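In the text below, chain A, chain B and the rest are named by the order of the sequence lines, each starting its count at 1. Remember, predicted model here, so these are calculated numbers, not experimental data.
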Number of protein chains: 2
Amino acid sequence: MSFPAKTGADAILKVAVDIVEAEGWDALSMRSIGLALGVRASSLYHHYRDKGAIEEALGEVAARALFEAMTVAAGRKKGQVRLRAMADAYVAFAHENAALYQLVAARRTASDTQVAGKALWQLILDGVGQVTGNRDDTAAAVGLWSFLHGYVALEGAGKFGASGAKGGYERGLSAMLRGLIG
Amino acid sequence: MSFPAKTGADAILKVAVDIVEAEGWDALSMRSIGLALGVRASSLYHHYRDKGAIEEALGEVAARALFEAMTVAAGRKKGQVRLRAMADAYVAFAHENAALYQLVAARRTASDTQVAGKALWQLILDGVGQVTGNRDDTAAAVGLWSFLHGYVALEGAGKFGASGAKGGYERGLSAMLRGLIG
DNA sequence: GTCTATATTCTGATAGAC
DNA sequence: GTCTATCAGAATATAGAC
């Protein structure tokens with residue numbers, strides 16, 4: 001029977017996600033993480049080199065989580081049904097993990113650690129390729145991803161006003177898909 | 001001949017824009033604004049109630065500037081030519097005023113002071129309406145705006161990787177317009 | 001309208017005891 | 001691995017002299 005440590009690399013990541021989702025990025029500090037773990041801020045430096053290392057790890061967590069949600073949604077589906085399911089999963093993830101999502105698409109990431117980010121890009125590229133008939137159709141993937149990100153970003157920022165998006169997602173997605181294929 | 005004040009509401013806004021464009025939002029502080037004006041931070045409180053009031057004013061500046069750029073681009077053009085010109089102006093503005101642009105589309109704004117923001121939305125709605133034939137086609141405007149914002153946001157965050165967007169803007173815009181009309 | 005001086009609070013990070 | 005203590009700096013904002 002050992003003396004379990006009060007915290008560890010994974011536990012730190014977990015509470016960091018909770019803080020960011022509940023109170024936003026400004027509330028994430030070494031002190032706030034420590035408080036949530038019942039530990040002093042200085043102790044965290046035994047698990048992560050500095051705050052930047054924690055944020056870097058969070059980026060991987062976020063990209064992997066989105067990748068997995070989209071992969072599950074894609075399932076064994078084919079063609080346009082598959083792509084629509086992936087798009088829906090993308091938007092749902094952004095809604096349910098608003099702060100974490102920012103790490104995937106809105107924040108500039110260190111070019112080193114985009115392991116999960118590259119997998120995500122490949123997944124989108126593959127889904128789009130299945131409907132345009134063009135494998136590696138970068139331009140089409142950029143178009144679709146732009147629409148998806150723009151929609152969740154503007155909606156999340158309340159830019160569609162009190163009246164809301166009024167079916168703009170369905171309309172935009174249908175238009176983009178039709179336009180990319182035709 | 002009077003003793004001119006070293007600063008004023010407009011001068012403060014001007015240097016605030018410069019700081020934000022040159023060094024980003026984190027660099028904007030009462031101290032940095034004062035430094036750029038040759039004035040102490042405490043003096044600024046005679047012109048703006050607090051930092052939030054400055055940011056609020058910046059939001060109006062940004063929305064108005066984008067509105068004017070798009071209006072000039074639209075000129076007396078009609079239909080799809082007009083809408084494409086507006087879209088191009090939107091992207092160009094975002095490129096040339098990266099930090100200020102975030103205030104238009106990425107940051108949550110106080111619902112009170114969206115004067116210029118509403119004018120911008122009306123302009124987009126009008127441009128889209130001219131090509132879909134539907135005045136007040138909210139869903140279509142949401143779709144197009146989503147694509148435009150998503151594109152500049154992802155591009156600005158470097159999410160398209162070293163290879164770049166590879167014609168994704170033209171492809172996505174054409175697809176969206178075709179899809180919205182057809 | 002600007003100044004000095006100050007209050008208050010927060011941040012990331014380190015040294016060294018245990 | 002966690003602790004205390006501390007550093008060094010940043011931030012917003014206010015009071016009162018000039």
Heavy-atom nearest nucleotide on DNA chain C taken for Ala27(A) and for Arg40(B); more 5' hit belongs to Arg40(B)
Partners meeting salt bridge (Lys or Arg N to Asp or Glu O under 4.0 Å) with Asp88(A) (sequence neighbours left out): none
Write down the distance between CZ (Arg31(A)) and C1' (dC7(D)), rounded to a whole number of angstrom. 11 Å
Distance in angstrom units between Ile33(A) CD1 and dT2(D) P, rounded: 14 Å
For His46(B) and dA17(D), give me the distance from atom NE2 to atom P, rounded to whole Å. 14 Å
Closest nucleotide of DNA chain C for Arg49(A) versus for Asp26(A): which of these residues is on the 5' side? Asp26(A)
Which one, dT14(D), dT2(C), dC3(D), comes nearest to the side chain of Lys6(B)? dT2(C)
Side-chain H-bond candidate by donor/acceptor type, Tyr90(A) with Tyr101(A), under 3.5 Å: yes
Take atom OH of Tyr45(A) and atom C1' of dT6(D), then tell me their distance rounded to the nearest Å. 14 Å
Check: Lys159(A) side chain, Gly117(B) main-chain N or O, donor-acceptor pair, under 3.5 Å: no
For dG1(D), does either OP1 or OP2 sit under 4.0 Å from a side-chain N or O belonging to Ser43(A)? no
For a quick test of reading the model: is some side-chain N or O of His47(A) closer than 4.0 Å to OP1 or OP2 of dT2(D)? yes
Mind calculating the distance between OH (Tyr48(B)) and P (dT14(D)) to the nearest angstrom? 17 Å
What integer distance in Å separates Leu44(B):CG from dT2(C):P? 8 Å
Rounded to whole Å, the CD-P distance (Glu23(A) to dC10(C)) equals 13 Å
With heavy atoms under 4.0 Å as the rule, sort Thr7(B) into base, sugar-phosphate or nothing. sugar-phosphate
Residue Ser29(B), side-chain atoms from C-beta onward, closest of dG12(C), dA11(D), dC3(D): dA11(D)
I'd like to know if Arg171(A) and Asp137(B) make a salt bridge, using a cut-off of under 4.0 Å between side-chain N and carboxylate O. yes
Rounded distance (Å) that lies between atom P of dT11(C) and atom CD1 of Ile54(A): 13 Å
Taking the inter-plane angle between the rings of Phe160(A) and Trp145(B) on a 0 to 90° scale, is it parallel (under 30°), tilted (30 to 60°) or perpendicular (over 60°)? perpendicular
